[in-house]
Amino acid sequence: MRECHWLVDALVTYINHALDVGKCEDKVKAARWKVSLGPACRRPDPCPCPQSMENAVCVLRNMSYRLYDEMPPSALQRLEGRGRRDLAGAPPGEMVGCFTPQSRWLSELPLTAEALTFAEVSKDPKGLEWLWSPQIVGQYNRLLQRCELNLHTMEAAAGALQNITAGDRSWAGVLSRLALEQERILNPPLDHVHTADHHQLRSLTGLIRNLSRNAQNKDEMSTKVVSHLIEKLLGSVGEKLPSTEVLVNIIAVLNNLVVGSPIATRDLLLDSEKSSQAASRLLANVWQYNKLYRDFQAVCAEPKAGRNPGAGHGTQGEGHRNHVQQAAKRPV
């Protein structure tokens with residue numbers, strides 16, 4: 001599906017146009033479409049077409065799932081920069097995708113194979129190249145900022161970003177840092193993280209987890225993130241505890257930041273009362289399952305070697321569940 005001729009280009013163009021004209025939340029209807037239900041029943045009513053904006057973003061999200069594992073080997077080799085020895089930059093004055101040579105973020109990249117690869121990949125993406133292009137990060141950011149009503153579209157955009165920033169590949173780290181430093185992408189996810197919807201929370205916290213893993217300035221990220229996540233762990237009276245996946249993501253984010261930032265540690269200490277309440281609430285909810293007492297005792301009796309919960313390969317999203325066929329669920 002990723003290699004279907006002009007499909008990805010059409011989706012990206014459609015989404016960009018909808019964003020440009022301010023229709024990113026419209027549930028489009030084709031007023032001129034007529035439907036015929038057979039010779040005995042003809043209806044002149046306009047037939048509503050699918051929620052096209054939402055579908056377009058969902059398809060991009062599905063196609064970005066496990067992208068680095070399934071992309072053409074030649075493309076992956078190009079992104080990883082293997083075999084590069086000539087590290088000369090782009091010709092003077094040449095545009096680098098949506099960034100000029102004077103772009104502050106681009107100028108701060110070290111003159112390495114990574115910087116040269118960024119310059120090449122940013123220029124004129126075509127077909128499935130859009131799926132990992134730096135330009136697509138800006139499009140997803142615009143969706144996160146503007147989709148206040150259509151939360152499914154917002155969730156799909158967050159899930160697509162989660163997919164392309166997941167894993168140990170160097171390009172996932174490049175896109176993560178681009179999202180944080182150039183696109184300033186943290187505010188929209190943090191604004192939405194207080195939602196009670198499990199699916200949205202899973203995508204949003206998964207994205208934040210990937211960003212925290214790849215962030216270069218963890219101090220700056222800590223000042224924006226820690227208080228929001230502690231409040232989500234603590235919750236409010238009568239609020240249901242977040243799902244296991246969301247809790248794992250939140251704890252991994254806090255761990256990633258504490259490991260790399262004294263500011264995160266300080267904020268946790270200053271907020272120690274809330275942190276303790278959140279931890280005790282979590283343990284109380286876990287302990288209510290009587291049938292699991294034996295399992296709890298076994299875990300406590302045989303502690304395993306410590307492991308960084310933020311380490312590993314980052315979190316990968318999955319296909320969107322609405323209107324389009326869901327991507328196969330596979331272990332990540």
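The model shown is predicted, which means the values in this text are computed figures rather than measured ones.
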Report task. Kindly indicate whether the side chain of Val225, heavy atoms from C-beta on, has any atom under 4.5 Å from the side chain of Ser212. Result -> no
Query raised in the report: Distance from Ile208 atom CD1 to Leu190 atom CG, nearest 0.5 Å?
Result: 4.5 Å
Report task. Start with the C-alpha gap between Glu155 and Arg61, add the side-chain angles, then the distance that decides, and say whether salt bridge (charged side-chain N to carboxylate O under 4.0 Å, His left out) holds. Result -> CA-CA 10 Å; Glu155 176 196 341; Arg61 175 185 185 175; 3.6 Å; yes
Report task. Determine yes or no for a side-chain-to-main-chain donor-acceptor pair under 3.5 angstrom, with Glu70 supplying the side chain and Leu67 the backbone. Result -> no
Report task. Verify side-chain contact (heavy atoms from CB on, under 4.5 Å) between Met221 and Gln216, making sure each step is shown before the conclusion. Result -> CA-CA 9 Å; Met221 187 172 181; Gln216 289 184 326; over 6 Å; no
Query raised in the report: What pair of heavy atoms forms the shortest contact from Lys218 to Gly260, and how long is it?
Result: CD-CA, 3.7 Å
Report summary line: Here the gap from Arg209 atom CZ to Ile250 atom CD1, rounded to the nearest 0.5 Å, amounts to 11.5 Å
Query raised in the report: Would you say the side chains of Arg266 and Ser222 form a donor-acceptor pair under 3.5 Å?
Result: no
Query raised in the report: Is the side chain of Ser261 donor-acceptor paired with the backbone N or O of Ala264 at a distance under 3.5 Å, no angle test?
Result: yes
Query raised in the report: Okay, side chain of Asn141, backbone of Glu183: is any donor-acceptor separation there less than 3.5 Å?
Result: yes
**Report entry** Note, Val259 side chain near Asn255 side chain (heavy atom, < 4.5 Å)
**Finding:** yes
Query raised in the report: Do the side chain of Arg213 and the main chain of Gly167 share a donor and acceptor less than 3.5 angstrom apart?
Result: yes
Query raised in the report: For Glu245, does its backbone N or O pair with a side-chain atom of Arg202 as donor and acceptor, under 3.5 Å?
Result: no
Requested in this report: Answer yes if Trp6 and Leu11 sit in the same cluster of Ile, Leu, Val, Met, Phe, Trp and Tyr residues linked by side chain heavy atoms under 4.5 Å apart, and no otherwise.
Outcome: no
Query - From Ile185 atom CD1 to Leu180 atom CG, the distance as rounded to the nearest 0.5 Å - result: 8.0 Å
Query - Nearest-0.5 Å distance, SG of residue Cys58 to CE of residue Met53 - result: 10.5 Å
Query raised in the report: Are any side-chain N or O atoms of Trp171 and backbone N or O atoms of Trp132, one a donor and one an acceptor, separated by less than 3.5 Å?
Result: yes
Query - Contact check, side chains of Leu204 and Met154, non-hydrogen atoms, under 4.5 Å - result: yes
Query raised in the report: Can you list the steps and then say if Leu201 with Asp197 is a side-chain contact (heavy atoms from CB on, under 4.5 Å)?
Result: CA-CA 6 Å; Leu201 275 176; Asp197 184 277; over 6 Å; no
Query raised in the report: Taking Gln135 for the side chain and Trp130 for the main chain, is one N or O donor matched with an acceptor at less than 3.5 Å?
Result: no
**Report entry** Heavy-atom closest contact (Leu79 atom, Ser170 atom, distance)
**Finding:** O-OG, 4.0 Å
**Report entry** From SG (Cys147) to OH (Tyr140), nearest 0.5 Å
**Finding:** 12.5 Å
Query raised in the report: Glu220 and Arg184: salt bridge (charged side-chain N to carboxylate O under 4.0 Å, His left out), yes or no, with the steps?
Result: CA-CA 11 Å; Glu220 180 181 358; Arg184 303 293 180 181; 3.2 Å; yes
Query raised in the report: How far apart are the closest heavy atoms of Ala157 and Leu144, and which atoms are they?
Result: CB-CD2, 4.2 Å
Query raised in the report: How close do Leu175 and Pro134 get, heavy atom to heavy atom, and via which atoms?
Result: CD2-CA, 4.1 Å
Query raised in the report: Are His228 and His194 near enough that their ring centres are under 6.0 Å apart?
Result: yes
Query raised in the report: So do the side chains of Met71 and Arg2 get within less than 4.5 Å of each other, counting heavy atoms only?
Result: no
Query raised in the report: Can you find a side-chain donor-acceptor pair between Gln162 and Asn210 that sits under 3.5 Å?
Result: no
Report task. Measure the shortest side-chain to side-chain distance between Leu7 and Met1 over non-hydrogen atoms and say whether it is less than 4.5 angstrom. Result -> yes
Query raised in the report: Looking at Leu151 and Gln200, what are the two nearest heavy atoms and their distance?
Result: CB-NE2, 3.4 Å
Report task. Mind listing the closest non-hydrogen atom pair of Leu131 and Met63 along with its distance? Result -> CD1-O, 3.8 Å
Query raised in the report: Roughly how far, to the nearest 0.5 Å, is CD1 of Ile164 from CD1 of Ile136?
Result: 7.5 Å
Requested in this report: Take Asn16 and Arg142 through the side-chain contact (heavy atoms from CB on, under 4.5 Å) test and state the conclusion after the steps.
Outcome: CA-CA 9 Å; Asn16 273 330; Arg142 292 172 70 192; 3.7 Å; yes
Requested in this report: List the steps and the verdict of salt bridge (charged side-chain N to carboxylate O under 4.0 Å, His left out) for Asp219 and Lys224.
Outcome: CA-CA 9 Å; Asp219 286 344; Lys224 299 177 180 179; over 6 Å; no
Query raised in the report: Are Ile263 and Val253 joined in one hydrophobic group, where the rule is that I, L, V, M, F, W and Y side chains link up if heavy atoms are under 4.5 Å apart?
Result: no
